[in-house]
Amino acid sequence: MKIDIILAGVGGQGILSIAACIGMASIEEQLHMKQAEVHGMSQRGGAVQSHLRISDKPVASDLIPEGNAELIISVEPMESLRYIPFLKNNGWIVTNVKPFINIPNYPEYEALMAEINARKNVIAIDADEIAKQLKSPRSSNMVMLGAASPFIEMPFEAIEKGVREIFGRKGDEVVNKNLEALHAGRDFAQKIMNA
Amino acid sequence: MQKLLLLGAEAIAQGAIDGGMSGVYAYPGTPSTEITEYVQHNKLAGERKIHSQWSANEKTAMESSLGMSYAGKRTMVCMKHVGLNVAADVFINAAITGVNGGMLVTVADDPSMHSSQNEQDSRFYAKFAMIPVLEPADQQEAYDMAYYGFQLSEQFNVPVMIRITTRIAHSRAAVAQKPLQPENKISLPTDLKQFILLPAIARRRYKGLLSSQESFEISSEESKYNKYIDGADKSMGIIACGIAYNYLMENYPDGNLPYPVIKLSQYPMPRKMVNKLAKETKSLLILEEGYPIIEEMLKGYLEKENVKGRLDGTLPRDGELNATLVAKALGFNVPEVGTVPAIVANRPPAMCAGCGHIDAYNALNEALAVYGKGRVFADIGCYTLGALEPYEAINSCVDMGASITMAKGAADAGLVPAVAVIGDSTFTHSGMTGLLDAIQEGTPITVMISDNFTTAMTGGQCSHAYGKIEDICKGLGVNPDHIRVFTPLKKNHDEMVKIMKEELEYNGVSVIIPRRECIQTMGRKKREDAAAN
């Protein structure tokens, strides 16, 4: 197996917590992985992305070649479209619908969502709202990971274990909140896929 | 042993710790910062009391590192590529003094300029200094090379460069550790004149360096990091340097590359290996992440050789490589991919909401309005983002410290008032000496030292300027009446404008200091305090 994932968002939104959980899961599964991150200037509110590559064979390039990604996970709607050149024809976009507006020329929201929804293979989810309902507003990224999990060719238990490992040092309460968020996101995606 | 999941930068730090390093010296700079930060937070490094405090700049860092090497211990100095410009003097000369304890110079280049002013290739510097270079292709090699690099440095009695680029510095992969080495004991150089570069000694040392070149090359020929991988199709031979090897192999997922390849990760270039490849193949394709240094060496001026790469357009002349660019160079048809929808707007980095630099710039723009645009020389840091809309408050960003000296030169030319904008950490990195030039001549410049108590752009490392700026300025000779401190807040806007206008009018050196903590470090401290309670 091999799966190439683009994680997208805005500097400061914490996309690396998602990458870390999947990365930990892939190590649990004895898979090879490489994960390229963005540090430095762009972290100041700019567009950021992470390339996450997992395979049962050694991974060569740290960057995903264009047209090779199975999945884009974006914690911000406009950012989900920025990396389309990397997505395979039949690849999936899993995106949060809550916009992060820190530029004067942010597109009109309805038009943006129409553009996203016009694509095939999209899961658009209000991760912030779901996290809020779970009384855990800071775990929206785990809602996103949960919504993306059906497209990650790995046992769901491995991803759960990854979340436990990553948040473990913050205590059981934080771990459980994040697991709850993970499940809520997964349920949401599966309902759409089965509809 | 359990593998560690490490960034390339972190792998170098761990490799150096395990290889017996006694001290790392550095000034933060993307993409090199995480090397030193890793040592600062590493438990074993703490137990061993491995030095890992930040230095004032790259030059002081490398000199301290050389001093530690003099005393017999293993040491590493880290910087981003432009940091090596700052440290170039000691760098070139350290190749001539040689080392005592093993010394690694780890430089992180930034092709495509993700966070930098240029994309210079540090391998040129190593060639200039005539020292060996190790260029890892992946995170495991990054670890291994730091671990093994100390021995190489001690064996050849020169500093060894480890050259990485952004992609390897900031990409994570599993890394296997090697057994922990003991630190070197303190020991003086056998020859106590080794480090005295008086001409008579320097000439002798330099001849020694020249005569060592052959042994460096033999080491490259025999290096486990340089591999000649034969292939049946001799129409082309490929030299893939460092991380470019990965982009090559990405195009052959089952590993069956038809052409002979040299995977090149230790320099100087292994001449015999390259000659063999050139003899056996009809043409050469050179894949380099950075400048076409190997390509230029092989191609020469006469262009008799059939060498393809960045110079003939087979690959782009600038920017990072990737697997797709390499696929095109190999003659593969690259499938059409989707395009970015037109609705997607650019999202450049910006100063954070609530940042003190914003209030300072708003006041400065107003204070300068009567003089017109084009008078503000800025520097390297978050405040460089003041160049962007809606502020458009600055007119230069060249190198660390250049704000004050460029303002001075402009004022010498008659552009008065001229303003310099510099951050607290950049001021102590390279701004103080320039300020002294201006004081010496009483040049009418207004220097705004925007003090946020930290080295913010690279993630909030300690600033050597903390609590010292006024004393430094007074000590250098700035008239205390023209050192003006205020808090950059919206509510203080009118007061700030008034102070700035007064100092712009002053016919001498004035220093204005907007002072407010970086909101990123302030937020982090609050979260840490909350977590601790």
Side-chain angles (χ1 to χ4, degrees), chain A residues 2 10-12 19-20 23-24 27 32-48 50-52 55 57-68 76 78-89 100 102-108 111-112 114-116 119 170, chain B residues 3 5 7-8 30-31 33-34 110 114-116 138-139 166-174 243 245-255 320 322-324 327 334-341 343-353 382 384-385 389-390 456-459 520 531:
Chain A
K2 84 102 189 167
V10 180
M24 194 55 83
I27 286 185
H32 297 274
M33 64 99 49
K34 278 190 178 174
Q35 182 211 325
E37 305 171 358
V38 172
H39 295 224
M41 202 164 190
S42 296
Q43 284 178 299
R44 297 275 163 273
V48 292
S50 172
H51 290 213
L52 183 55
S55 173
K57 285 190 250 161
V59 178
S61 168
D62 294 79
L63 295 175
I64 299 169
E66 290 192 342
N68 263 261
E76 203 280 345
M78 183 175 79
E79 296 307 320
S80 74
L81 298 174
R82 193 180 301 281
Y83 306 99
I84 295 286
F86 288 93
L87 192 64
K88 269 187 173 170
N89 264 335
F100 186 101
N102 64 343
I103 48 170
N105 56 336
Y106 194 92
E108 200 259 316
L112 175 66
E115 179 84 38
I116 291 170
R119 304 191 61 86
K170 294 188 175 172
Chain B
K3 285 192 174 182
L5 188 56
L7 295 175
T30 313
T33 314
E34 292 80 7
D110 188 19
H114 299 282
S115 279
S116 308
D138 59 30
Q139 290 76 0
T166 306
R167 284 308 160 194
I168 194 139
H170 289 165
S171 175
R172 216 174 274 282
I243 199 171
Y245 181 72
N246 299 346
Y247 298 136
L248 173 66
M249 295 317 290
E250 182 68 28
N251 285 288
Y252 301 94
D254 45 13
E320 277 188 290
N322 58 49
T324 309
V334 176
E336 288 273 312
V337 295
T339 50
V340 182
I343 197 166
V344 177
N346 245 346
R347 198 191 302 256
M351 288 184 284
C352 311
C382 286
T384 316
L385 297 169
E389 285 178 349
M457 181 62 102
T458 47
Q520 292 285 344

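Chain A is the first sequence line, chain B the second, and so forth, proteins listed ahead of strands; every chain is numbered from 1.
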Residue, of A:Pro104, A:Ala111, A:Pro65, that accumulates the most heavy atom pairs under 4.5 Å with chain B: A:Pro65
In terms of heavy-atom proximity below 4.5 Å to chain B, should A:Leu87 be classed as side chain, backbone, both, or neither? neither
Looking at chain B, which one of A:Pro107, A:Pro85, A:Pro58 has the largest number of heavy-atom pairs inside 4.5 Å, strictly under? A:Pro85
Does any non-hydrogen side-chain atom of A:Ser61 lie less than 4.5 Å from one of B:Asn322? no
A:Arg44 side chain vs B:Pro348 backbone, donor-acceptor pair below 3.5 Å: no
Mind checking the CZ-CZ spacing from A:Arg82 to B:Arg347? Nearest 0.5 Å is all I need. 6.5 Å
So for B:Leu7, is it side chain, backbone, both, or neither that comes closer than 4.5 Å to the heavy atoms of chain A? side chain
Hey, does A:Gln35 have a side-chain heavy atom less than 4.5 Å from the side chain of B:Leu5? no
Counting C-beta onward and ignoring hydrogens, is there a side-chain heavy-atom pair between B:Asp138 and A:Lys34 closer than 4.5 Å? yes
About how many Å separate NZ of A:Lys57 and CG of B:Asp254, when rounded to the nearest 0.5 Å? 7.0 Å
B:Asn346, B:Val334, B:Asn251: which one forms the most heavy-atom pairs within less than 4.5 Å of chain A? B:Asn346
Value rounded to 0.5 Å, distance of CG in A:Leu63 from OG1 in B:Thr324: 9.0 Å
Separation of A:Asn89 CG from B:Glu336 CD (nearest 0.5 Å): 10.5 Å
Can you tell which part of B:Leu385 gets under 4.5 Å to a heavy atom of chain A, answering side chain, backbone, both or neither? side chain
Please find the pair of heavy atoms, one from B:Thr339 and one from A:Ile84, that lie closest to each other, and give the distance. O-CG2, 3.6 Å
Which of B:Ala173, B:Ala345, B:Pro253 touches chain A most, by non-hydrogen pairs under 4.5 Å: B:Ala345
The ring pair (Phe, Tyr, Trp, His ring centres under 6.0 Å) partners of B:Tyr252 (sequence neighbours excluded) come to B:Phe332
Check whether any side-chain heavy atom of B:Glu34 sits under 4.5 Å from a side-chain heavy atom of A:Glu37, and report yes or no. no
The interface call for B:Thr30 against chain A, heavy-atom contacts under 4.5 Å, is side chain
Please report the interatomic distance CG(A:Asn105) to CD(B:Glu389), rounded to the nearest 0.5 Å. 8.5 Å
Within a strict 4.5 Å, meaning less than it, do heavy atoms of the A:Asp62 and B:Gln139 side chains meet? yes
Under 4.5 Å heavy-atom distance to chain B, tell me which part of A:Ile27 shows up: side chain, backbone, both or neither. side chain
